[in-house]
Amino acid sequence: MKHTWKLFTLLLLLFACESSKFDSEVSLPKLFGDGMVVQRDEAISVWGRGIPGKNVRVSLAGAVTSGTVEPDSTWVLKLPKLPAGGPFVLEVNKQKVTDVYIGDVWVAGGQSNMEWILKSQVIGAEKEFAEGGNPQIRFFKVPRSYSAVKLDDVVGGEWKVADSVNMKGFSAIAWFFAKLNNQEKKVPVGIIESNWGGTPVEGWTDVEILAKMEGSFNEQANDIIKNNESWDAKLKENESNSQMRDSMAKTPDSLAVLKATSISYDDSNWRSISLPQGNPLQHIAWVRRKFTVSNTENVTLHLPYLDQMAYVYLNGKLLHFKDWGASMPDVKIPSDMLLKGSNVLSIRAVNTWDNQPRIGQEGEMYLLESGNKISLEGTWKYSNSTVEPHLPKVEWYNWMPGMMYNAMIVPITNYSIKGAIWYQGESNAGRHEEYKMLFTTMIKNWREDWGMGDFPFLFVQLANYMERKDIQAESDWAYLRDAQTQTLELPKTGMATIIDIGEAGDIHPKNKKDVAARLWLQAKKVAFGEKNLASGPQFDSLIRQENVLLLKFKSVGDGLKLNDGGALKGFIVGKEGGDFQQAEASISDKESVKITLPAGMESGEIRYAWADNPEVNLTNNLNLPAVPFRAKFE
């Protein structure tokens, strides 16, 4: 019995000594928080800071590893590959991170079309909200930030479970993509959103790499490296201005509003503007217009075009607030807000994107009084500075080489992922000749930083947009799409073509579900190794037979077809460097298209879907559109 107690006491002492090895305080990056998702079947990195020389132990789902804090206060440990599952508890010394799932993790990057959230008029969003979300899908939104130096952590953010409330603010494309991943692979899914509207690809790439390359970005890249300290000061001042601007934009001066929106307010010192034609509006712009009604019942305001943020007041009271990205509905006016006879409508409009608010559209500015239109077009009074002061100037420094990469990519590159989904390119269209080089460089840069080899990188080709023209050989958007196609030369890349589901009048098409579905087809093939048809028809080769070109396509599935039952559209042909004309085209067989050349054309170039907004109808049996291309012939 004495020996038993001695052994028990010894075990207690050993346990106490072992426990004391791992009781020092450690800090974790913001990505490590309750509700997180880590990548299945990949070694899982866990990292942070601590007291130099102290021990760190990490455990998750039965796996344990330990190590020591480095002299510079950092530590990095790797857990072995683990299968999908959860929820688990991640333990790091005495800290516990709960509700942890193991599944597939994707980085969702790019500009506004990737950033675009579900609640902003996305087709099918209401159905998603009604279904209530999915607790196995979680999002981490990296806050917008930029830096002249590489940061070791993101500036904020937290994991959010996809419930009916949280999901409204999720990237629409990433949500639909994550949902498909979860449904088909039966695993939890984590999305790390790191995107920012309007941004060029060089802002997401290491400035030290860009400084060694030739291009329009080179001078800025070298200046950032050479004058790093002064850039750091500029950025801090700019960020202060940005916070002040956003606060002013979102928080109207209540006393000023009370005065400027009242019927009795004297606006004689305001200038006149003719809406919707004129647009001298800037900063926090105010406009006023008087109108009369004979009836206060059943009156509706129809003013769908207000860009970007707007506060609409009637007779001194707030009638409606339109936020950025939200639609402006027809607003039924409460009868107690109206007066029989004279009334005044006031609008406070702000556009933090380009500092040029826009109000109204021809034929779309009126009141409906019991079905009768009262036009609001014509003369309004306006002021850019009388009511509220000018907004502070904010530069788009985040667009500069490496700035977002330093703050929004570098801090997450230790986090194991399945791959990346990307939608960007609009902001580089004017410099399309550089895009293949820049985009390829960025992908290689990310892959090297993550240290996971050639992880899957899936991207969206630019949608059709702007005015439709029959022939537009010198389209910047067409050249940019071509550069995106050329990027497929990199291994384990995939491209979703959406040349058929854009909108002529909106750079942010609202059909995000089909975009995500096409990205998912690429994911199944590139990331999961399936043998599925993932693309629309892709040009493969051509043969000339006298005045006929036979174009052969791959990725045709069961065969080429037209999605509208009409004639084959979208092909143009021209002499090299010369004028183009529409080409006579028809489907020749399951995988070929026949082009009849104009008389006397000995050599030249054939192009398909080559315009900002081309009219196209060639697909495969999955109704995936043919990929835009150009090819020379002789």
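Note: hydrogens, waters and symmetry copies are ignored here, and every other heavy atom, side chains too, is used.
- Arg138 contributes no side-chain N or O that, together with a main-chain N or O of Ala162, makes up a donor-acceptor pair within less than 3.5 Å.
- Here CE of Met404 is found 8.0 Å from CD of Glu202. Values are rounded to the nearest 0.5 Å.
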Please list, one pair per line, the donor and acceptor atoms closer than 3.5 Å that link side chains of residues 455-462 to other protein atoms, with sequence neighbours excluded.
| residue | atom | partner | partner atom | Å |
| --- | --- | --- | --- | --- |
| Gln461 | OE1 | Thr497 | OG1 | 3.3 |
| Gln461 | NE2 | Arg481 | O | 3.1 |
| Gln461 | NE2 | Thr485 | OG1 | 3.1 |

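- Asn195 places no side-chain N or O within donor-acceptor distance of the main-chain N or O of Ser112, the cut-off being under 3.5 Å.
- Side-chain polar atoms of Tyr435 and Gln424 form a donor-acceptor pair below 3.5 angstrom.
- Taking the six-membered ring where the residue is Trp, Tyr146 and Trp196 present tilted rings, their angle falling between 30° and 60°.
- A donor-acceptor pair shorter than 3.5 Å cannot be found between the side chains of Lys469 and Asn613.
- A salt bridge does not link Lys632 with Glu605: every distance from a Lys NZ or Arg NE/NH1/NH2 to an Asp or Glu carboxylate oxygen is 4.0 Å or more.
- Side-chain N or O atoms of Asn222 include one that pairs as donor or acceptor with a backbone N or O of Asn218 at under 3.5 Å.
- In this structure, CH2 on Trp399 lies 14.5 Å from CE on Met403, to the nearest 0.5 angstrom.
- Surrounding NZ of Lys492 are more than 12 heavy atoms belonging to other residues, nucleotides or ligands, all under 6.0 Å away.
- Sparse packing is recorded around CD of Glu584, with 12 or fewer heavy atoms of other residues, nucleotides or ligands lying under 6.0 Å away.
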Can you give each donor-acceptor pair under 3.5 Å made by side-chain atoms of residues 167-181, sequence neighbours left out, with the distance rounded to 0.1 Å?
| residue | atom | partner | partner atom | Å |
| --- | --- | --- | --- | --- |
| Ser171 | OG | Met114 | O | 2.6 |
| Ser171 | OG | Ala174 | N | 3.1 |
| Trp175 | NE1 | Glu128 | OE1 | 2.9 |
| Lys179 | NZ | Glu128 | OE1 | 2.9 |
| Lys179 | NZ | Glu128 | OE2 | 3.3 |
| Lys179 | NZ | Glu131 | OE1 | 3.1 |
| Asn181 | OD1 | Trp106 | NE1 | 2.8 |
| Asn181 | ND2 | Asp104 | OD2 | 3.2 |

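- Remark: Phe633 engages no residue in a ring-ring contact (aromatic ring centres under 6.0 Å, His included) (not counting sequence neighbours).
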